[in-house]
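Below: the structure, in structure tokens.
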Amino acid sequence: MRTFLFRRLPSGLLVLLAASFLIFLILRLIPGDPATSLAGPDAGPEAVAAIRARLGLDRPLLGQYLGWLGDLAAGQLGPSYAIGGEVAELIGDSLGATVELTLGALLLVILLGLPLGVLGATVRRGPVAVAVRALTTTVLAVPPFVTGVVLVLVFAVTLGVLPAGGHQSILDQPDLGVQYLLLPALCLALPSAAILGRYLKDGLERALAEDYVRTATALGISRGRIVRRHALPNALPPAVTVLGLQVGQLLGGAVLVEAIFAWPGLGQLAEQGVLRRDYPVVQDLLLLLVAVYVAVQLVTDLVYTWLDPRIRWE
Amino acid sequence: MTTLAVGPRRRRLLPAGLHTLRGTTGVLLVGAVVLAGLLAPLLTDADPLAQSGLALAGPSGAHPFGTDDLGRDLFSRVLHGIRTDLLISITAVPVGAVLGCALALLAATSRGADVAVQRVFDLLLAFPGLILALAVTAVLGPGRWPVVIVIALAEIPGFGRQLRAGILVQREREYALAARVGGASRARVLLRHVLPNAVDPLIVQGAIAFSLAVFIEGAMSFLGVGVRPPEPSLGGILSQSMAYLSTHPGYAAAPLLVVTALVLGLTLIAEALNEGIRR
Amino acid sequence: MSAVLQSVEPSGAESSAAVLRVRDLKVEFDGVEAVSGVGFELAAGETLGIVGESGSGKSTTALALLRMLPAGGRISGGSVELAGRDLAALAEPELRAVRGRRIAMIFQDPMSSLNPVLTIGRQLDEALRAHGAAPKAERAARAVELLDLVGIPDAARRLRDHPHQFSGGQRQRVMIALALAGDPEVLVADEPTTALDPTVQRQILRLLERINRERGTALVLISHDLGVIARTCRRVLVMHQGKVVEHGRTEDVLDRPEHPYTKRLLAAVPRLDAPSTAAANSTPGPEPLLTVTGLAKSYGPRRRPVTALAGVDLVLHPGETLGLVGESGSGKSTLARALVQAHAPSAGEIRYRGEQLTRSRAARREIQLVFQDPYSSLNPRMTVGRILAEPLIAHRLGDAAERAERVAELLTQVGLEPDAAARHPRAFSGGQRQRIGIARALAPRPSVLICDEPVSALDVSVQAQVLELLSGLQRELGLAILFIAHDLAVVRQVSHRIAVMHRGRLVETGAADRVVTDPQDPYTAELLAAVPQLNHRSPV
Amino acid sequence: AESGDGAAASASPRRGGTLSLATTIDFTPSLLFAQSANTLVQRLVFNTLTRYDDQLRPQPELATSWQLAADGLSITFKLRDDVLFHDGRKFTADDVIFAVKNLQNPVRSAQLRSTAATVTEFRKNGDHELTLQLAHPVSNLFDLFEFMIITDSATVEDAVAGKQLIGTGPFRYGKRTPGSSITFARNEKYWNPGRPYLDGVEIRVIPQADSLVSSLKTGQSHLSYHVPGKDLAGLKGSGQFQLRPYDTGSGAYYIGVNVTAEHVQDKRVRQAISWAVDRERLVQQALGGYGLPSAAPWPKSSPAYTDANATRYRHDPAKARELLKEAGVSGITLPFAHSNTPDGTAIAQILQHDLKQVGIETELQPTDSPTMQKQLISQTMPALWTLSHGFAQLHPATLAVSAYPFNEAKNSSHFSSPAYTDIVQRAWKRPDSDSAEARALYQQVTDTLLDEEFVIDLAIGGQIEVAGSKVHGATLNKFNYLNLDDAYLTA
Ligand SMILES: Nc1ncnc2c1ncn2[C@@H]1O[C@H](COP(=O)(O)OP(=O)(O)OP(=O)(O)O)[C@@H](O)[C@H]1O
Ligand SMILES: Nc1ncnc2c1ncn2[C@@H]1O[C@H](COP(=O)(O)OP(=O)(O)OP(=O)(O)O)[C@@H](O)[C@H]1O
Ligand SMILES: [Mg+2]
Ligand SMILES: [Mg+2]
Ligand code: NI
């Protein structure tokens, strides 16, 4: 495991470096600059120039880039340009909300995706099969921004059982926190759950066609047990890879869902940052997302290895 | 007597599996949507851009799907929206697929290249898509191209990873070794022998890719960086309709119906092909 | 155990002692009849062998006994009565109670038939809990007992291991242990030893015999190897094209075959005691064509290497066939692959006509390989014509027209019609595919042909055809052949000399007849002793 | 208690409760001293010297009384002496001096900087009295004091960095979660005894307008000023809410014209555009009917507002075509930038359609706001764009000297004319703002604007307060600062 980490570390760092460069570049390529958006709607050019100088935006680009990397290496994130506050605090605050949302969604992805996949692979006919198919298709066909609005309309406005949006830390008030978390997490989880279910269904179908399932059947083991105890463990490793990919999507793709549910997470912060050209916030945030993603990939590979004994021994 | 063992698959004119009920239904659904898009000018003579004071009207003889918030005929907009989305998908998905496959082939050349390509996929997957969408549109200006680029970029890792996995498996097959022993160069083994056997999963991936494309187009419209208004697009109509979901749910229904039919059709085709391949 | 001999006629008088009674069984695959009217009875503790050519319906019959036909297949007639109940009429839960408990099956390929991600202990436990709810500790004890029974050393510890940590022979034993978990009355074994070398094969057969003897489990053994049947079964059933063509006591059938097919089958079986026919076929040239010295190869990470070849020395003369035998995993395929430069050896050198072998295209042309598995080595997406033309294109031999001509010539050479070029590999039978593999290897006109187990997967009649083809080619083209196989009888028949491999080394090399009749190395002797022979008679 | 709150306080006010306020736009600390889209925070944490009543007459707040010199060149304030900042420090005349100087700093980019800059000298008469000396008289002087919040000089940098806000207002700044919420707690030592009634205020940022409406409907939020017009009808119908329009409006929608661009250099083309657009339909379809179609920038609260100005241009495509013909313009295509928000896009599409009817093709350019802003400031706008502007709600001179689209010295339209400059300066540099003479000048400004049409005004957006039935007494000042001094929640 240690060697595994060592082997992955250099390429991971390279990814981060490449990402940092791309992020920096993309941000500067976007027209509009932080000083003008900071200056407000009726500012004069002199105000803008003064702000540019104060933010150091008049320095050469390479200097700005290296300066950023240097600050990062020193653990200094500095103040935000436009949103207000320290970047570290901003990211720290929204990171908590995003982690909550992502973990909540991940849990739902598993809770929904698993049965969808298993039922999809084992029930071929009848109302259950139709229901599974209908659910999967709808979820895949209806974009999350529609799902979100519909969920709010149904559960918050019409039924009034769940809040329409906002965030309550689950750590402070678990019961209330869960109520706030449920809809956005569901909205975020649905497409991923459908995708996971799909891959799982595929994997299960393939596993169920394997010879060892024939062996188990010949031994008189019941169908249900074969699916659960024999086929599923074989279908899980590839599903875990898919899940790992989805975590990246959940982390980064939450912009819309966070906007709909007024969830103060990284997605919102990133959108705010881009909309105000708050370079420090966006740069650090995107880099963090890439780093988290790289880490998630690493964890995925470790879990994969743990689930599949064949790899462990090679 | 020697029996012919049943081969892993049968080749027919149409890909295997599309002859099943599931496959046929899928082809019909997708065909209907595509045809509706292609024949849009014949199916309706309403101008999708013409506005009137009659906003948010319900379905009527003149407006089968009603009108939108600016008094435009929704039926015509949806049909023309299909065209837009088809055009976008038909450019973006193949570009993403080709780039992804090229990277996967590059990965097959050496260990170093493999690690590098894998990290490129990581990078593409890690970069938040919507931020990328905002950035690309801001740089290029609004329109169809940024949407195409964002979708293509999003499709690269999907295709690339699938193909890479396929190549890794196929490369270890004996026929690849046999080709090598027969004197074929590495490149020839990869391109002529391994690649044709590794592309099967991409058919399914391709089908899924089209629904992803419609998704991304919609999300970009939602963020105001989609196709240039007033050009209609399915995602665009859908995102505009959200503001009226509680007061005029019919507005959202038409584009949703089309997207659902398209996705259901593609899913069915993908599944049918999948089964055909596995058989 | 006393063997109760049943009436030879399956449709004859009913015997109250029969546990399994099959009557006029018919199986269809999508309307095509694969098994048509098979019938037999099996009494407790009895042994029955089923032989027949590939595709004659042996496996299908076995699966029908458990009502476990693959999708598309169905029992279209007849009955399978197990302890008086017709399986065809049972509901799924009742069937489950029968499977594993009354009748159990051992499948051919032990690797794919074991669940790769579950430990052996878990799989045994699953089998045990499928019947009766013994407490966990009791089941664990039973599992150890079962592994012990099938002769896995250190059973208690190995429960925690996964299938890939066992050798091929051990996996087959685990399969048997699983089948025994439900203490079945009937055990059906479908080609349990086909891929195994003689020593391991003997161990498995002995185990089956012991189980039959000690526990009174009735045994149905399916094999294409008549020697295996001869040593294990008291009665035998010969199948051909879905029908039983002959049925009787093993001695009777083997000594006095009545059906023409049975006669053909018996005639095709190579006999270990038959002398080599190689010398009559061709005379090796004096100058060595291929010289291998100190060849070594190891796999895996540098810190934990697996040594596959540990210093192999070998010469091969033009026109000579060198047989290579040895236990599974001894490095035979590794050597073959090193010779065609599919991988670089860790040490040692290979000389061709006295020159160091290079990676140049010209050098690679001279040595060609015929693969063990004819199907997986043929590209499924290419026509046979393309497959055969590929080496010609690679070596830039001729233009398109010349290549087409050469392809037709090659096909004729290996006994196929030239119009075969337009078809894909899947449209050919196993034996035909093996010929295509040989044709491909011959395409660039090599002087050395390496055949890695070219006949192991084929039944004896097809095997005979392929062997005849090879010796014909040697006769005409003066090819040098390295012939790898695990069947010593076959090897003796075709080889001038035999080399015996054991744990990555050649332990013995000598004239074919000499090695078989007068082995010098103890390992060779062990190997020879393990070969099942037709003249063996089943123990009573 | 001051005047003007009698009507609101019909039921007896109740102490306690936390008011939850929903907004689509987050508070931007760096724009604390500029008028931005979110001005809910200013008057909660801070106070101003004076505040306007409905007739634009200044009323005392931190200043108890004032004396404007007859020549309009100086003003003397008497200040309250019982006011404490949230950190316990006493409020004095120095704080007023700092506040004015602060607005003179270009970095603060305050729109009223030009007015603040006329203050040349500060004379303190003790801690609670001071005189401001002006370079010349200005007609919008009290706009400045309505606008200028009194901040703590020591922590002003922290304030614009979003770290802490220290003022004298009714609420203390609590915790801010950017993009999500800001909380405020009651200032127990507020100078206005017994106020505020509320224990706290929470501003919830809900970027999605639909979500904001849901939040109101579910009772999660009590009050909002950011409900899109098209959702108001639904809320009004439900009977759950009180809707209250403010005459100040929420800014005006306009088409900006770059007068250096081809074709639109010609005044007649610009006028044709103004005739071509259907302002009524725009208000109906894009603003849900909540807004005032108007060719002039002035909302009803402005002294310059007249019906005649508002309806100077009506929807008259024939007239537009005639003007275009006269100008010799046909078959043109103009680039047309607009904000890429749903509302901005809807408005642009409506305008595009209307222009097309008179033969002007446009190519829409959805642009995000920072890009637009940069183009505005660097004067690189395309031929046409549509946006909204503020600052017409007070004294008309403020618009022309402070709002960038209308600035006589430098604007995004590249428009300048000596006549415009002269009239603007004359309207601005005068001591009174409400005389007949002043009004005549305002009319001249309006006439110039409506003739030149470098800014083609379309409609004044409605400023609607949506309050749940429990909410009472919330008001906005003329700069849309939220005043909750007298607000309370009934049970
Ligand atoms: N799943 C299937 N679908 C269709 N046909 C099948 C299937 N399985 C077997 N068959 C056909 O049934 C016949 C009998 O096959 P079976 O596997 O029983 O032969 P076998 O005697 O076991 O041969 P081998 O020695 O090669 O294993 C063959 O013709 C085969 O092609
Ligand atoms: N690619 C590989 N990586 C690691 N170990 C390998 C690899 N290929 C073969 N080995 C190991 O090298 C040894 C020799 O294998 P090889 O395939 O040459 O045996 P063989 O004599 O051909 O056996 P069989 O009769 O079963 O085909 C075995 O222990 C095997 O497990
Ligand atoms: Mg078989
Ligand atoms: Mg081998
Ligand atoms: Ni054999």
Side-chain angles (χ1 to χ4, degrees), chain B residues 1-13 15-17 19-20 22 101 108 110-111 163 166-203 272-279, chain C residues 29 34 53-57 71-72 240-241 261 337 339-343 361-362 364-365 367-382 386-388 390-397 424-433 437 440-441 443-444 450 452 459 461-462 465:
Chain B
M1 186 202 87
T2 40
T3 12
L4 300 186
V6 184
R9 75 186 65 98
R10 283 263 188 80
R11 289 269 133 190
R12 281 185 254 183
L13 210 62
H19 300 271
T20 56
R22 197 178 281 196
C101 293
S110 77
R111 256 200 90 83
L163 185 63
I167 287 178
L168 283 186
V169 171
Q170 295 296 328
R171 205 165 47 176
E172 299 306 314
R173 290 281 161 86
E174 287 222 311
Y175 69 79
L177 178 64
R180 186 96 189 98
V181 169
S185 65
R186 268 173 196 286
R188 192 175 172 85
V189 172
L190 186 61
L191 293 175
R192 305 299 290 270
H193 294 259
V194 171
L195 187 61
N197 284 289
V199 293
D200 275 352
L202 298 191
I203 303 170
L273 286 175
N274 212 353
E275 252 163 44
I277 284 165
R278 208 173 292 149
R279 210 176 291 139
Chain C
F29 280 105
E53 73 174 338
S54 180
S56 59
H240 183 60
Q241 299 191 359
Y261 173 71
R337 277 154 202 245
L339 291 178
V340 294
Q341 302 189 80
H343 56 61
R361 196 168 269 143
R364 286 221 307 251
R365 198 182 140 177
I367 307 173
Q368 289 296 325
L369 177 64
V370 178
F371 287 82
Q372 170 169 4
D373 184 342
Y375 192 56
S376 74
S377 65
L378 300 177
N379 192 330
R381 293 291 162 89
M382 289 185 174
R386 261 300 293 284
I387 290 173
L388 294 184
E390 271 292 310
L392 301 176
I393 296 170
H395 292 290
R396 310 210 170 86
L397 300 173
H424 283 88
R426 64 176 169 274
F428 294 87
S429 77
Q432 289 172 323
R433 285 175 194 155
R440 172 173 59 189
I450 298 175
D452 190 0
D459 65 273
S461 35
V462 182
Q465 296 169 15

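A note on names: the letters A, B, ... follow the listed sequences, proteins ahead of strands, and every chain is numbered from 1. The structure presented is a predicted model; accordingly, all values stated were derived computationally and were not measured.
- Interatomic distance, B/Tyr175 OH to C/Arg440 CZ, rounded to the nearest 0.5 Å: 11.5 Å.
- Looking only at heavy-atom pairs under 4.5 Å with chain B, the residue among C/Met382, C/His424, C/Arg364, C/Arg365 that has the most is C/Arg364.
- For B/Ala178 against C/Ser377, the heavy-atom pair with the smallest separation is CB-O, 3.7 Å.
- Residues satisfying the salt bridge (charged side-chain N to carboxylate O under 4.0 Å, His left out) test with C/Arg337, not counting sequence neighbours, are B/Glu174.
- With a 4.5 Å cut-off on non-hydrogen atoms, C/Leu369 touches chain B through its backbone and its side chain both.
- Looking at heavy atoms from C-beta onward, B/Arg180 lies out of side-chain contact with C/Gln341 at the 4.5 angstrom threshold.
- Heavy atoms closer than 4.5 Å to chain B are found in the side chain of C/Ile393, but not in its backbone.
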Which pairs would a plain distance check flag for residues 181-192 of chain B, meaning a side-chain donor or acceptor within less than 3.5 Å of a matching protein atom at least two apart in sequence or in another chain?
residue, atom, partner, partner atom, Å
B/Ser185, OG, B/Arg188, N, 3.3
B/Arg188, NE, C/Glu390, OE1, 3.1
B/Arg188, NH2, C/Glu390, OE2, 2.8

